[in-house]
Amino acid sequence: MVELTSTHLSTPYIFGAIVLLYVGYFISQRLYSDAQIRKLGARAPIRTSYLPYGIDTAYQVVKSAMRDKTYDMWIDTFEKWCGPGRYTIEVGVGRRVLMTAEPENIKAILATQFKDYGKGEVFRQDWHAFLGNDTNGDADGLDLGIFTTDGQLWHNSRQLIRPQFVKDRLSDIDIFEEHTQILISKIEQSPEIDTLDMMFRYTLDAATHFLLGQSVGSLEEPQTVFADAFYNAQRVQSIIARVGPLNWLVPRKRMGFYDSINTINDFVSTFIDKALALSSQELQEKTNHDEGYTFLHAIAGYTRDRAMLRDQLVSVLLAGRDTTACTLTWAIYHLSMDASITAKLRQEIIQTVGLDRKPTYEHLKSMKYLQHILNETLRLYPVVPYNVRISLKDTTLPTGGGPDGKQPIGILAGTPIGYSTLIMQRRADLYPAPSPSFPPPAAFAPERWDAWTPKSWTYVPFNGGPRICIGQQFALTEMGYTLVRLFQRFERVENRMPRGVEPGLHADIVLQPAKEVRVAFA
Ligand code: HEM
């Protein structure tokens, strides 16, 4: 009896039993969740993984990202695993994840089923150190910024910030004017520029001026402590966001992440302290006067919670800075590639506002060709190219499932749904057939907007639904103003990239050129 027991409990047996139990548990869990999904709806095509936990799929995703080939990778994946015309797929990387570039599904996630989907806990944790700093010391772990929150907390942020973006403020134009003049003088001094670098500095200066009332001056003084810290925090944050569940491996401390965040906090705190030293009445007076208006003073009039103020300021800075810098860079790249577009834009500028006067809001709104250039840029380069939402409950996606790809897809609570406006907005099947008045969708052609309006939900660079970009009008004004001022001063912009080299698509958090866009203004 003693002998028997010891044989049965020897290490290999115990190990074998554990493996069997694990495999049995894994299979039964899988069958159970498959059954639950089927109760809700159909399945989308599945990209098979041949290694456990989808290691081969994850490897392909990371490899493509490192080579700036994410877009090509997804196009190949849809084609290989879904067949023609289908743009929703399931990929397993340890769990079920979906990716979609289907307008109906994007509309559901962002608008019609808004309450079923959110940013989710993982996203919040990944971004917590940067955007949810809890500096009020209550250590409740709550993020307060608009970017990472869901539900009531998000709603509170949106309510707080929204009024600051509804008005066409003359003070915004003054800020753009001040910084475009510095930009122009920098360009005048440079025979050739790295466009993205210049635009990053310009939009950081304008954004800090708008938010805090004082610019960090990075155009004039390239090595500013704040600009470097902000750059580094974003760099590490984008690695954290990209490696997903493995992000605990990112050596945040060694990469200076926390130091950078402390620098950002110290900098922002100085301004918050000054704002909080003012009485409610003084804040009100500052906010009522258009001149000298700052975003910080306006929101400090509603809340004196330091953590809330800090999180909103950093969130809006993050949301508003790279987005406009990248879009301006893509637009300037295309203007440098086609002198006829620049000439036509300049003609419109001359007719509407002349070569010297500062453009007003009315001028900018009446300049159709300028708007078409920005629309066309955001069509080919929607600046948030890949995004993700988590299902907050058991639900569905309206289309992409079943053999015909038209059935609703069953989605269990906690499933990440990736969606790509970049892939969707480049889908030729969503456009009219090319004709003399409608150039092929892959071409950069602002004229296509003369007599064409995209079908609903096929063009959403600012997203849509309740969480639509709150800074959309501000961004369009800033970018329009910048282009008008640049092309009042300069007649043309020449491309100085090596012949035949294309910028490539580098998809970090925002979509930026993978190569330097070198140009010369003349
Ligand atoms: C070309 C310019 C811009 C584009 C294409 C753009 C696009 C977007 C997109 C796609 C989102 C949704 C992100 C998500 O929910 O996951 C978003 C959100 C947001 N954007 Fe923009 N954005 C631009 C410029 C700006 C500017 C200049 C500001 C502020 C000054 C700004 C402030 C925000 C804020 C605060 C949110 C969060 C809104 C919320 O969650 O309710 N954006 N933007």
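One-based numbering, in listed order, for ligands and for the atoms of each.
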Checklist line | Side-chain ion pair, Glu502 and Lys515, N-O less than 4.0 Å | finding: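 No, this pair does not count.
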Check: Is Phe295 close to Phe165 at the side-chain level, that is, under 4.5 Å between some pair of heavy atoms?
Finding: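 Yes. Closest side-chain heavy atoms under 4.5 Å.
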Please state whether [X] comes within less than 4.0 angstrom of ligand 1, counting heavy atoms only.
X: Phe165; answer: yes
X: Arg321; answer: no
X: Lys119; answer: yes
X: Ser315; answer: no

Next item on the list: Inspect the surroundings of CZ in Phe114 and state if more than 12 heavy atoms from other residues, nucleotides or ligands are less than 6.0 Å away.
Entry: yes
Side chain, backbone, both or neither: which part of [X] comes within less than 4.0 Å of ligand 1 when only heavy atoms are counted?
X: Thr323; answer: both
X: Trp154; answer: side chain
X: Ala319; answer: both
X: Arg389; answer: side chain
X: Met479; answer: side chain

Item checked: Point-to-point distance, once rounded to the nearest 0.5 Å, from CD of Glu362 to CE of Met367 -> 13.0 Å
Check: Out of curiosity, Leu276 CG to Arg304 CZ, how far, rounded to the nearest 0.5 Å?
Finding: 5.0 Å
Can you name the atoms of ligand 1, numbered from 1 with element, that are less than 4.0 Å from a heavy atom of [X]?
X: Thr327; answer: 1 (C)
X: Val316; answer: 29 (C), 30 (C)
X: Phe147; answer: 36 (C), 37 (C)
X: Val383; answer: 4 (C), 5 (C)
X: Ile146; answer: 35 (C), 38 (C), 39 (C), 40 (O), 41 (O)

Next item on the list: Going by heavy-atom distance to atom 9 (C) of ligand 1, choose the closest among Thr377, Val384, Leu110.
Entry: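 Of the listed residues, Val384 has the closest heavy atom.
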Check: Given Leu328, Thr203, Asn387, which has its nearest heavy atom closest to atom 16 (O) of ligand 1?
Finding: Asn387
Next item on the list: State whether Phe438 and Arg448 meet the cation-pi test: NZ (Lys) or CZ (Arg) under 6.0 Å from the six-membered ring centroid, and within 45° of the perpendicular axis.
Entry: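 Verdict for Phe438: a cation-pi partner in Arg448.
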Next item on the list: Flag this pair as yes if the NZ/CZ of Arg485 is under 6.0 angstrom from the six-membered ring centre of Phe176 and inside a 45 degree cone about the axis; otherwise no.
Entry: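 Arg485 over Phe176 ring: no.
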Checklist line | Member of Arg158, Lys119, Arg467, Lys115 meeting the salt bridge (Lys or Arg N to Asp or Glu O under 4.0 Å) criterion with Asp150 | finding: Arg467
Tell me: protein heavy atom nearest [atom], and distance?
atom: atom 28 (C) of ligand 1; answer: Gly320 CA, 3.5 Å
atom: atom 22 (N) of ligand 1; answer: Cys469 SG, 3.1 Å
atom: atom 40 (O) of ligand 1; answer: Arg467 NE, 2.8 Å

Checklist line | Step-by-step side-chain hydrogen bond (donor to acceptor under 3.5 Å, both in side chains) determination, Gln425 to Tyr381 | finding: CA-CA 9 Å; Gln425 291 181 185; Tyr381 310 96; over 6 Å; no
Next item on the list: Measure from the ring center of Trp452 to the ring center of Tyr431 and say whether it is less than 6.0 Å.
Entry: yes
Notebook entry, point to check: Would Ser218 and Asp205 count as having a side-chain donor-acceptor pair, cut-off 3.5 Å?
Noted result: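 Note: Ser218 and Asp205 side chains meet the donor-acceptor criterion.
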